[in-house]
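Read through the structure below, which is laid out as structure tokens, and then see the notes.
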Amino acid sequence: MFVVVSYDVVDDRRRLKVAKALTDYGRRVQKSVFECDLDERRYLRLKETLDRLIDHEEDSVRYYQLCPRCRRAVEVSGWGSLTEEEEVVIV
């Protein structure tokens, strides 16, 4: 599944930890936005990881799952491009 993850984390230290955790799952496309191509298991693991890092009273993380049709409809203005699906080759 293709997931766009955005976050608003108040504390600099927590924000850095959230960003660092997200780099293990996807590609940063804006300061607080990552695009992730994940299977269900990795998606759940990502959510658990971020849930442990944020302060639920102050911070917010949003997950937008895009269907293939919606993903094809994404447009980018300015720099950057939509994250491409990784090609998996099984030998």
ask   = In Å and rounded to the nearest 0.5 Å, what is the NZ to CZ distance from Lys17 to Arg52?
value = 11.5 Å
inquiry  = Is it true that, when you exclude Arg62 itself, more than 12 heavy atoms of the residues, nucleotides or ligands shown sit nearer than 6.0 Å to its CZ?
reply    = no
query = Shortest non-hydrogen contact from Tyr7 to Val61?
reply = CB-CG2, 4.0 Å
query = What do the steps show when you test Asp8 against Ser32 for side-chain contact (heavy atoms from CB on, under 4.5 Å), and what is the final call?
reply = CA-CA 7 Å; Asp8 184 6; Ser32 299; over 6 Å; no
query = Is the charged tip of Arg28 near the ring of Phe34: under 6.0 Å from the six-membered ring centre and within 45° of its axis?
reply = no
inquiry  = Less than 4.5 Å apart, side chain to side chain, heavy atoms only: is that true for Leu66 and Val3?
reply    = no
Path from Val29 to Val4 over hydrophobic side-chain contacts below 4.5 Å = yes
request  = Please assess Lys47 against Leu50 for the test side-chain contact (heavy atoms from CB on, under 4.5 Å), listing each intermediate value before the final yes or no.
outcome  = CA-CA 5 Å; Lys47 287 180 65 179; Leu50 298 183; over 6 Å; no
key: Partner set under side chain to side chain contact (heavy atoms under 4.5 Å, CB included) for Asp11, not counting sequence neighbours   = Arg13, Arg14
key: Selection residues 46-66 - residue pairs positive for ring-ring contact (aromatic ring centres under 6.0 Å, His included), sequence neighbours left out   = Tyr43-Tyr63
remark   = So CG of Leu46 and CG of Asp51: to nearest 0.5 Å the spacing works out to 9.0 Å
key: With Asp12 via salt bridge (Lys or Arg N to Asp or Glu O under 4.0 Å) - residues at least two apart   = Arg15
Hey, can you pull the donor-acceptor pairs under 3.5 Å for the side chains in residues 18-27, sequence neighbours left out?
from	atom 1	to	atom 2	distance (Å)
Thr23	OG1	Lys20	O	2.5
Arg27	NE	Thr83	OG1	3.4
Arg27	NH2	Ser81	O	2.5

